[in-house]
Visitor: 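Can you read through this structure? Questions will come right after.
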Number of protein chains: 2
Amino acid sequence: MIHDPLEDLPGYALRRVSAAVMAKLAEGLSRLDLRPAESTVLLVIGANPGVTQSEVGRLLGIASANMAPLVARLADRGLIVREAVDGRSQGLTLSDGGRRITVKTRSVVDELESDLLARIPAVERAAFLKVLFALARDQDD
Amino acid sequence: MIHDPLEDLPGYALRRVSAAVMAKLAEGLSRLDLRPAESTVLLVIGANPGVTQSEVGRLLGIASANMAPLVARLADRGLIVREAVDGRSQGLTLSDGGRRITVKTRSVVDELESDLLARIPAVERAAFLKVLFALARDQDD
DNA sequence: CCGTATAGCTATACAATATAGCTATTCATC
DNA sequence: GATGAATAGCTATATTGTATAGCTATACGG
(Lines give C-alpha, C1' and ligand atoms only; values in the text may rest on other atoms or scores of the structure.)
Protein backbone atom coordinates (compact mmCIF):
# COMPACT_ATOMS: atom_id res chain seq x y z
CA MET A 1 0.00 0.00 0.00
CA ILE A 2 1.28 3.43 -0.79
CA HIS A 3 1.43 6.16 1.79
CA ASP A 4 -0.80 9.21 1.54
CA PRO A 5 1.09 12.30 2.72
CA LEU A 6 -2.10 14.34 2.45
CA GLU A 7 -4.37 12.32 4.68
CA ASP A 8 -3.81 14.54 7.72
CA LEU A 9 -4.36 17.82 5.92
CA PRO A 10 -7.74 19.42 6.62
CA GLY A 11 -7.41 21.71 3.62
CA TYR A 12 -6.96 18.78 1.31
CA ALA A 13 -9.82 16.92 2.95
CA LEU A 14 -12.04 19.97 2.38
CA ARG A 15 -11.06 19.95 -1.26
CA ARG A 16 -11.88 16.28 -1.75
CA VAL A 17 -15.20 16.44 0.06
CA SER A 18 -16.21 19.57 -1.78
CA ALA A 19 -15.26 18.06 -5.14
CA ALA A 20 -17.35 14.98 -4.40
CA VAL A 21 -20.36 17.04 -3.35
CA MET A 22 -20.01 19.23 -6.43
CA ALA A 23 -19.80 16.22 -8.72
CA LYS A 24 -23.05 14.87 -7.27
CA LEU A 25 -24.69 18.27 -7.61
CA ALA A 26 -23.61 18.60 -11.23
CA GLU A 27 -25.00 15.16 -11.92
CA GLY A 28 -28.32 15.92 -10.25
CA LEU A 29 -28.66 19.21 -12.09
CA SER A 30 -27.74 17.78 -15.47
CA ARG A 31 -31.25 16.56 -16.11
CA LEU A 32 -32.44 20.15 -15.68
CA ASP A 33 -29.69 21.27 -18.08
CA LEU A 34 -28.38 23.54 -15.35
CA ARG A 35 -24.83 24.00 -14.16
CA PRO A 36 -24.04 24.43 -10.47
CA ALA A 37 -23.25 28.13 -10.82
CA GLU A 38 -26.49 28.72 -12.71
CA SER A 39 -28.52 26.91 -10.08
CA THR A 40 -27.20 29.15 -7.31
CA VAL A 41 -27.97 32.25 -9.36
CA LEU A 42 -31.55 31.07 -9.87
CA LEU A 43 -31.96 30.39 -6.16
CA VAL A 44 -30.70 33.85 -5.24
CA ILE A 45 -32.94 35.57 -7.79
CA GLY A 46 -35.90 33.51 -6.61
CA ALA A 47 -35.31 34.63 -3.03
CA ASN A 48 -34.67 38.26 -4.03
CA PRO A 49 -36.84 39.29 -6.97
CA GLY A 50 -35.45 42.42 -8.58
CA VAL A 51 -31.81 42.03 -7.52
CA THR A 52 -29.21 43.23 -9.94
CA GLN A 53 -26.69 40.81 -11.35
CA SER A 54 -23.86 42.65 -9.66
CA GLU A 55 -25.55 42.06 -6.29
CA VAL A 56 -25.96 38.39 -7.10
CA GLY A 57 -22.33 38.19 -8.14
CA ARG A 58 -21.13 39.82 -4.95
CA LEU A 59 -23.19 37.47 -2.81
CA LEU A 60 -21.99 34.36 -4.62
CA GLY A 61 -18.42 35.46 -5.22
CA ILE A 62 -18.77 35.38 -8.98
CA ALA A 63 -16.87 38.08 -10.88
CA SER A 64 -18.94 40.41 -13.01
CA ALA A 65 -17.10 39.27 -16.14
CA ASN A 66 -18.40 35.78 -15.46
CA MET A 67 -21.88 36.84 -14.41
CA ALA A 68 -22.56 38.47 -17.77
CA PRO A 69 -22.61 35.36 -19.98
CA LEU A 70 -24.14 33.30 -17.17
CA VAL A 71 -27.11 35.63 -16.81
CA ALA A 72 -27.35 35.99 -20.57
CA ARG A 73 -27.75 32.25 -20.95
CA LEU A 74 -30.49 32.12 -18.32
CA ALA A 75 -32.26 35.02 -20.04
CA ASP A 76 -31.88 33.41 -23.47
CA ARG A 77 -33.52 30.28 -22.10
CA GLY A 78 -36.38 32.38 -20.83
CA LEU A 79 -35.76 31.44 -17.19
CA ILE A 80 -35.21 34.99 -15.97
CA VAL A 81 -36.44 38.42 -17.00
CA ARG A 82 -34.30 41.55 -17.04
CA GLU A 83 -35.97 44.88 -16.40
CA ALA A 84 -34.07 48.16 -16.29
CA VAL A 85 -34.08 49.74 -12.83
CA ASP A 86 -31.90 52.62 -13.96
CA GLY A 87 -29.75 53.41 -16.94
CA ARG A 88 -27.09 50.86 -16.17
CA SER A 89 -28.65 48.27 -13.85
CA GLN A 90 -31.24 45.62 -14.52
CA GLY A 91 -33.45 43.96 -11.95
CA LEU A 92 -33.63 40.21 -12.34
CA THR A 93 -36.80 38.19 -11.79
CA LEU A 94 -37.72 34.58 -12.40
CA SER A 95 -40.13 33.91 -15.23
CA ASP A 96 -42.84 31.28 -14.75
CA GLY A 97 -40.55 28.72 -16.36
CA GLY A 98 -37.72 29.95 -14.19
CA ARG A 99 -39.83 29.48 -11.08
CA ARG A 100 -40.69 25.94 -12.10
CA ILE A 101 -37.09 24.95 -12.72
CA THR A 102 -35.98 26.69 -9.52
CA VAL A 103 -38.40 24.56 -7.49
CA LYS A 104 -36.85 21.46 -9.05
CA THR A 105 -33.39 22.87 -8.43
CA ARG A 106 -34.18 23.36 -4.79
CA SER A 107 -35.32 19.78 -4.45
CA VAL A 108 -32.11 18.51 -6.05
CA VAL A 109 -30.07 20.68 -3.71
CA ASP A 110 -32.08 19.77 -0.65
CA GLU A 111 -31.72 16.08 -1.32
CA LEU A 112 -27.96 16.34 -1.59
CA GLU A 113 -27.78 18.45 1.54
CA SER A 114 -29.83 15.84 3.40
CA ASP A 115 -27.51 13.10 2.19
CA LEU A 116 -24.55 15.08 3.41
CA LEU A 117 -26.09 15.79 6.81
CA ALA A 118 -27.00 12.13 7.19
CA ARG A 119 -23.35 11.21 6.87
CA ILE A 120 -22.36 13.40 9.82
CA PRO A 121 -22.71 11.57 13.13
CA ALA A 122 -25.30 13.28 15.29
CA VAL A 123 -22.84 13.76 18.15
CA GLU A 124 -20.51 15.98 16.16
CA ARG A 125 -23.05 17.53 13.85
CA ALA A 126 -23.64 20.79 15.69
CA ALA A 127 -19.94 21.49 16.23
CA PHE A 128 -19.09 20.60 12.65
CA LEU A 129 -21.74 22.84 11.15
CA LYS A 130 -20.90 25.70 13.48
CA VAL A 131 -17.26 25.65 12.43
CA LEU A 132 -18.08 25.16 8.76
CA PHE A 133 -20.48 28.09 8.62
CA ALA A 134 -18.07 30.25 10.58
CA LEU A 135 -15.30 29.46 8.12
CA ALA A 136 -17.61 30.20 5.20
CA ARG A 137 -18.59 33.58 6.66
CA ASP A 138 -14.95 34.32 7.40
CA GLN A 139 -14.05 33.73 3.80
CA ASP A 140 -16.16 36.68 2.73
CA ASP A 141 -13.22 39.00 2.46
CA MET B 1 -29.71 43.74 2.33
CA ILE B 2 -30.48 40.83 0.09
CA HIS B 3 -31.31 37.43 1.44
CA ASP B 4 -28.95 34.53 0.97
CA PRO B 5 -30.96 31.35 0.40
CA LEU B 6 -27.74 29.30 0.55
CA GLU B 7 -26.46 30.38 3.92
CA ASP B 8 -27.86 27.33 5.70
CA LEU B 9 -26.55 24.78 3.24
CA PRO B 10 -23.51 22.86 4.46
CA GLY B 11 -22.71 21.68 0.94
CA TYR B 12 -22.55 25.22 -0.30
CA ALA B 13 -20.47 26.29 2.69
CA LEU B 14 -18.03 23.47 1.93
CA ARG B 15 -17.76 24.71 -1.63
CA ARG B 16 -17.03 28.29 -0.61
CA VAL B 17 -14.48 27.37 2.05
CA SER B 18 -12.77 24.93 -0.27
CA ALA B 19 -12.64 27.49 -3.08
CA ALA B 20 -11.07 30.07 -0.76
CA VAL B 21 -8.47 27.61 0.51
CA MET B 22 -7.68 26.53 -3.04
CA ALA B 23 -7.28 30.12 -4.18
CA LYS B 24 -4.77 30.76 -1.40
CA LEU B 25 -2.93 27.57 -2.25
CA ALA B 26 -2.74 28.47 -5.93
CA GLU B 27 -1.40 31.86 -4.99
CA GLY B 28 1.22 30.43 -2.66
CA LEU B 29 2.34 27.90 -5.24
CA SER B 30 2.48 30.38 -8.08
CA ARG B 31 5.93 31.56 -7.13
CA LEU B 32 7.12 27.95 -7.51
CA ASP B 33 5.38 27.82 -10.89
CA LEU B 34 3.35 24.87 -9.61
CA ARG B 35 -0.34 24.26 -9.85
CA PRO B 36 -2.25 22.69 -6.96
CA ALA B 37 -2.69 19.35 -8.72
CA GLU B 38 1.02 19.22 -9.54
CA SER B 39 1.99 19.99 -5.97
CA THR B 40 -0.04 17.05 -4.65
CA VAL B 41 1.53 14.75 -7.23
CA LEU B 42 5.00 15.83 -6.15
CA LEU B 43 4.15 15.26 -2.49
CA VAL B 44 2.86 11.76 -3.20
CA ILE B 45 5.88 10.83 -5.29
CA GLY B 46 8.17 12.24 -2.61
CA ALA B 47 6.52 10.05 0.01
CA ASN B 48 6.45 6.99 -2.25
CA PRO B 49 9.51 6.82 -4.50
CA GLY B 50 8.91 4.47 -7.38
CA VAL B 51 5.10 4.72 -7.49
CA THR B 52 3.49 4.52 -10.89
CA GLN B 53 1.44 7.39 -12.19
CA SER B 54 -1.69 5.27 -12.18
CA GLU B 55 -1.21 4.62 -8.45
CA VAL B 56 -0.77 8.34 -7.85
CA GLY B 57 -3.86 9.08 -9.89
CA ARG B 58 -5.94 6.57 -7.97
CA LEU B 59 -4.82 7.97 -4.64
CA LEU B 60 -5.55 11.56 -5.63
CA GLY B 61 -8.67 10.92 -7.67
CA ILE B 62 -7.12 12.17 -10.89
CA ALA B 63 -8.13 10.32 -14.05
CA SER B 64 -5.37 8.69 -16.03
CA ALA B 65 -6.15 10.87 -19.05
CA ASN B 66 -5.36 13.90 -16.91
CA MET B 67 -2.35 12.37 -15.19
CA ALA B 68 -0.52 11.88 -18.48
CA PRO B 69 0.07 15.53 -19.42
CA LEU B 70 0.50 16.50 -15.77
CA VAL B 71 3.33 14.00 -15.23
CA ALA B 72 4.79 14.87 -18.62
CA ARG B 73 5.10 18.51 -17.62
CA LEU B 74 6.82 17.62 -14.34
CA ALA B 75 9.21 15.34 -16.23
CA ASP B 76 9.87 17.98 -18.89
CA ARG B 77 10.80 20.41 -16.13
CA GLY B 78 13.20 17.85 -14.74
CA LEU B 79 11.40 17.60 -11.40
CA ILE B 80 10.67 13.88 -11.64
CA VAL B 81 12.35 10.90 -13.27
CA ARG B 82 10.51 8.09 -15.01
CA GLU B 83 12.06 4.63 -14.98
CA ALA B 84 10.44 1.60 -16.55
CA VAL B 85 9.41 -1.01 -13.98
CA ASP B 86 7.89 -3.22 -16.64
CA GLY B 87 6.86 -2.88 -20.22
CA ARG B 88 3.94 -0.60 -19.58
CA SER B 89 4.52 1.03 -16.16
CA GLN B 90 7.04 3.59 -15.07
CA GLY B 91 8.21 4.20 -11.53
CA LEU B 92 8.28 7.88 -10.61
CA THR B 93 10.99 9.42 -8.43
CA LEU B 94 11.85 12.99 -7.52
CA SER B 95 15.02 14.40 -9.03
CA ASP B 96 17.26 16.58 -6.88
CA GLY B 97 15.49 19.65 -8.21
CA GLY B 98 12.16 17.95 -7.60
CA ARG B 99 13.12 17.26 -4.02
CA ARG B 100 14.07 20.88 -3.49
CA ILE B 101 10.82 22.21 -4.90
CA THR B 102 8.83 19.60 -2.97
CA VAL B 103 10.34 20.83 0.30
CA LYS B 104 9.21 24.34 -0.59
CA THR B 105 5.81 23.02 -1.61
CA ARG B 106 5.41 21.33 1.72
CA SER B 107 6.16 24.54 3.54
CA VAL B 108 3.58 26.44 1.48
CA VAL B 109 1.01 23.74 2.20
CA ASP B 110 1.87 23.50 5.88
CA GLU B 111 1.54 27.24 6.34
CA LEU B 112 -1.92 27.27 4.79
CA GLU B 113 -2.99 24.29 6.84
CA SER B 114 -1.81 26.04 9.99
CA ASP B 115 -3.75 29.15 9.04
CA LEU B 116 -6.84 27.05 8.52
CA LEU B 117 -6.46 25.21 11.82
CA ALA B 118 -5.93 28.48 13.62
CA ARG B 119 -9.31 29.66 12.44
CA ILE B 120 -11.08 26.71 14.04
CA PRO B 121 -11.94 27.35 17.68
CA ALA B 122 -10.11 24.90 19.89
CA VAL B 123 -13.34 23.67 21.49
CA GLU B 124 -14.75 22.34 18.23
CA ARG B 125 -11.52 21.47 16.52
CA ALA B 126 -11.39 17.77 17.30
CA ALA B 127 -15.00 17.15 16.34
CA PHE B 128 -14.69 19.17 13.16
CA LEU B 129 -11.58 17.38 11.99
CA LYS B 130 -12.97 13.99 12.87
CA VAL B 131 -16.07 14.58 10.75
CA LEU B 132 -14.12 16.17 7.92
CA PHE B 133 -11.64 13.32 7.63
CA ALA B 134 -14.44 10.77 7.90
CA LEU B 135 -16.29 12.46 5.05
CA ALA B 136 -13.12 12.58 2.98
CA ARG B 137 -12.47 8.88 3.51
CA ASP B 138 -16.11 8.12 2.76
CA GLN B 139 -15.83 9.87 -0.55
CA ASP B 140 -13.33 7.31 -1.77
CA ASP B 141 -15.87 5.31 -3.71
C1' DC C 1 -19.62 70.33 -13.47
C1' DC C 2 -16.23 66.87 -13.08
C1' DG C 3 -13.69 63.08 -11.43
C1' DT C 4 -14.45 58.60 -9.67
C1' DA C 5 -16.85 54.57 -8.88
C1' DT C 6 -20.03 51.32 -10.66
C1' DA C 7 -22.95 48.13 -14.01
C1' DG C 8 -22.58 45.42 -17.61
C1' DC C 9 -20.14 43.55 -21.26
C1' DT C 10 -16.40 41.24 -24.64
C1' DA C 11 -12.43 38.69 -25.42
C1' DT C 12 -9.25 35.69 -23.80
C1' DA C 13 -6.80 32.44 -20.98
C1' DC C 14 -6.09 28.86 -17.62
C1' DA C 15 -6.85 24.98 -14.30
C1' DA C 16 -9.29 21.01 -13.26
C1' DT C 17 -12.01 17.60 -14.91
C1' DA C 18 -14.58 14.55 -18.15
C1' DT C 19 -15.30 11.42 -22.16
C1' DA C 20 -13.93 8.76 -26.08
C1' DG C 21 -10.77 6.21 -28.13
C1' DC C 22 -6.20 4.34 -29.07
C1' DT C 23 -1.78 1.09 -28.45
C1' DA C 24 0.76 -2.02 -26.00
C1' DT C 25 1.53 -4.84 -22.15
C1' DT C 26 0.30 -7.94 -18.42
C1' DC C 27 -2.24 -11.59 -16.45
C1' DA C 28 -5.64 -15.22 -15.60
C1' DT C 29 -7.52 -19.12 -17.43
C1' DC C 30 -8.39 -22.63 -20.49
C1' DG D 1 1.27 -21.69 -24.75
C1' DA D 2 -2.66 -19.23 -26.82
C1' DT D 3 -6.30 -16.11 -25.92
C1' DG D 4 -9.39 -12.82 -23.89
C1' DA D 5 -9.87 -9.38 -20.21
C1' DA D 6 -7.84 -5.91 -17.54
C1' DT D 7 -4.45 -2.42 -17.10
C1' DA D 8 -0.83 1.53 -18.14
C1' DG D 9 -0.16 5.28 -20.57
C1' DC D 10 -1.42 8.38 -24.03
C1' DT D 11 -4.00 11.88 -27.44
C1' DA D 12 -7.67 14.74 -28.58
C1' DT D 13 -11.36 17.29 -27.22
C1' DA D 14 -14.99 19.50 -24.43
C1' DT D 15 -16.93 21.58 -20.30
C1' DT D 16 -17.05 24.25 -16.08
C1' DG D 17 -15.47 27.59 -13.14
C1' DT D 18 -12.60 31.24 -12.71
C1' DA D 19 -9.19 35.02 -13.81
C1' DT D 20 -7.46 39.27 -16.20
C1' DA D 21 -7.64 43.16 -19.24
C1' DG D 22 -10.12 46.38 -21.18
C1' DC D 23 -14.22 48.69 -22.92
C1' DT D 24 -18.73 51.86 -22.76
C1' DA D 25 -22.13 54.12 -20.41
C1' DT D 26 -24.29 55.56 -16.30
C1' DA D 27 -24.54 57.25 -11.46
C1' DC D 28 -22.94 59.89 -7.77
C1' DG D 29 -20.16 62.88 -4.46
C1' DG D 30 -17.75 66.88 -3.94
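Side chains are part of it too, since the values below use all heavy atoms of this structure and drop only hydrogens, waters and symmetry mates. Proteins get letters first, then strands, A, B, ... in listed order; numbering begins at 1 in each.
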Visitor: Judged by each residue's nearest nucleotide on DNA chain C, which is more toward the 5′ side, A:R15 or A:E55?
Guide: A:E55

Visitor: Would one find a side-chain N or O of B:T52 under 4.0 angstrom from OP1 or OP2 of D:dA8?
Guide: no

Visitor: Taking protein heavy atoms under 4.0 Å as touching, what does nucleotides 24-30 of chain D look like 5' to 3' if B marks base contact, S marks sugar-phosphate-only contact and - marks none?
Guide: --BS---

Visitor: Rounded to whole Å, please give me the gap between NZ in A:K24 and P in D:dT16.
Guide: 21 Å

Visitor: Mapping A:M22 and A:A63 onto DNA chain D by nearest heavy atom, which one lands closer to the 5' end?
Guide: A:M22

Visitor: Round to a whole Å and report the spacing from CG of A:L70 to C1' of C:dC9.
Guide: 14 Å

Visitor: Strictly below 4.0 Å, heavy-atom distances to any atom of DNA chain D: list the hits from residues 30-50 of chain A, or just say none.
Guide: A:R35, A:P36, A:A37

Visitor: Using the ring pair (Phe, Tyr, Trp, His ring centres under 6.0 Å) rule, collect all pairs that involve residues 45-72 of chain A, keeping only residues at least two apart or in two chains.
Guide: none

Visitor: Scan residues 103-131 of chain A for pairs that pass ring pair (Phe, Tyr, Trp, His ring centres under 6.0 Å), counting only residues two or more places apart or in two chains.
Guide: A:F128-B:F128

Visitor: Dump the intermediate steps for side-chain contact (heavy atoms from CB on, under 4.5 Å) on B:V109 and B:L25, then the final yes or no.
Guide: CA-CA 7 Å; B:V109 169; B:L25 176 62; 4.1 Å; yes

Visitor: The criterion is ring-ring contact (aromatic ring centres under 6.0 Å, His included); which residues satisfy it with B:Y12, sequence neighbours excluded?
Guide: none

Visitor: With sequence neighbours left out, what residues match B:D96 under salt bridge (Lys or Arg N to Asp or Glu O under 4.0 Å)?
Guide: B:R99

Visitor: Tell me whether the count of non-hydrogen atoms from other residues, nucleotides or ligands lying under 6.0 Å of CD in B:E27 goes above 12.
Guide: no

Visitor: Between B:Q53 (CD) and C:dT25 (P), how many Å, whole number?
Guide: 16 Å

Visitor: Nearest whole Å is fine: how far is C:dT19 P from B:I62 CD1?
Guide: 15 Å

Visitor: Give me the residues of residues 100-112 of chain A where at least one heavy atom lies under 4.0 Å from an atom of DNA chain C, by number, or none.
Guide: none

Visitor: Touch check for B:R73, heavy atoms < 4.0 angstrom, all strands: base, sugar-phosphate only, or nothing?
Guide: nothing

Visitor: Is it the case that one hydrophobic cluster holds both A:V131 and A:L129, taking links as side-chain heavy atoms less than 4.5 Å apart, direct or via other members?
Guide: yes

Visitor: 5'-most contact on DNA chain C: A:S54 or B:A65, nearest heavy atom basis?
Guide: A:S54

Visitor: Return no unless some side-chain N or O of A:S64 is found under 4.0 Å from OP1 or OP2 of C:dA7.
Guide: no

Visitor: Take the C1' atoms of the five end pairs on each side of the helix from C:dC1-D:dG30 to C:dC30-D:dG1, derive the two axes, and give their angle rounded to 10 degrees.
Guide: 30°

Visitor: Please give, in whole Å, the distance from D:dT20 P to B:E27 CD?
Guide: 10 Å

Visitor: Sequence neighbours left out, what passes side chain to side chain donor-acceptor pair (under 3.5 Å) with A:T52? Give chain and number order.
Guide: A:S54, A:E55

Visitor: Atom CG of A:N66 to atom C1' of D:dT15: distance rounded to whole Å?
Guide: 14 Å

Visitor: Which residue pairs pass the salt bridge (charged side-chain N to carboxylate O under 4.0 Å, His left out) test when at least one of the two sits in residues 56-75 of chain A, sequence neighbours left out?
Guide: A:E38-A:R73

Visitor: Rounded to the Å, how far apart are B:R16 CZ and D:dT18 C1'?
Guide: 13 Å

Visitor: For residues A:T105 and A:L34, determine if any side-chain heavy atom of one lies less than 4.5 Å from a side-chain heavy atom of the other.
Guide: yes

Visitor: Show the nearest heavy-atom pair for residues A:L43 and B:P5, with the distance to one decimal.
Guide: O-CG, 3.5 Å

Visitor: Count the heavy atoms belonging to other residues, nucleotides or ligands that lie under 6.0 Å from CD of B:E111, then report whether that count exceeds 12.
Guide: no

Visitor: With sequence neighbours excluded, give me every salt bridge (charged side-chain N to carboxylate O under 4.0 Å, His left out) pair touching residues 86-95 of chain A.
Guide: none

Visitor: With a 4.0 Å limit, can you tell me whether B:R82 has a side-chain N or O closer than that to the phosphate oxygens OP1/OP2 of D:dC10?
Guide: yes

Visitor: Rounded to whole angstroms, how far apart are CG on B:L29 and C1' on D:dA19?
Guide: 17 Å

Visitor: Are any of A:S89's side-chain N or O atoms less than 4.0 Å away from OP1 or OP2 of C:dA7?
Guide: no

Visitor: Would B:L94 and B:V81 show up in the same hydrophobic cluster when neighbours are defined by side-chain heavy atoms closer than 4.5 Å?
Guide: no

Visitor: Apply side chain to side chain donor-acceptor pair (under 3.5 Å) to A:K130 and list each qualifying residue two or more places apart in sequence or on a separate chain.
Guide: B:E124

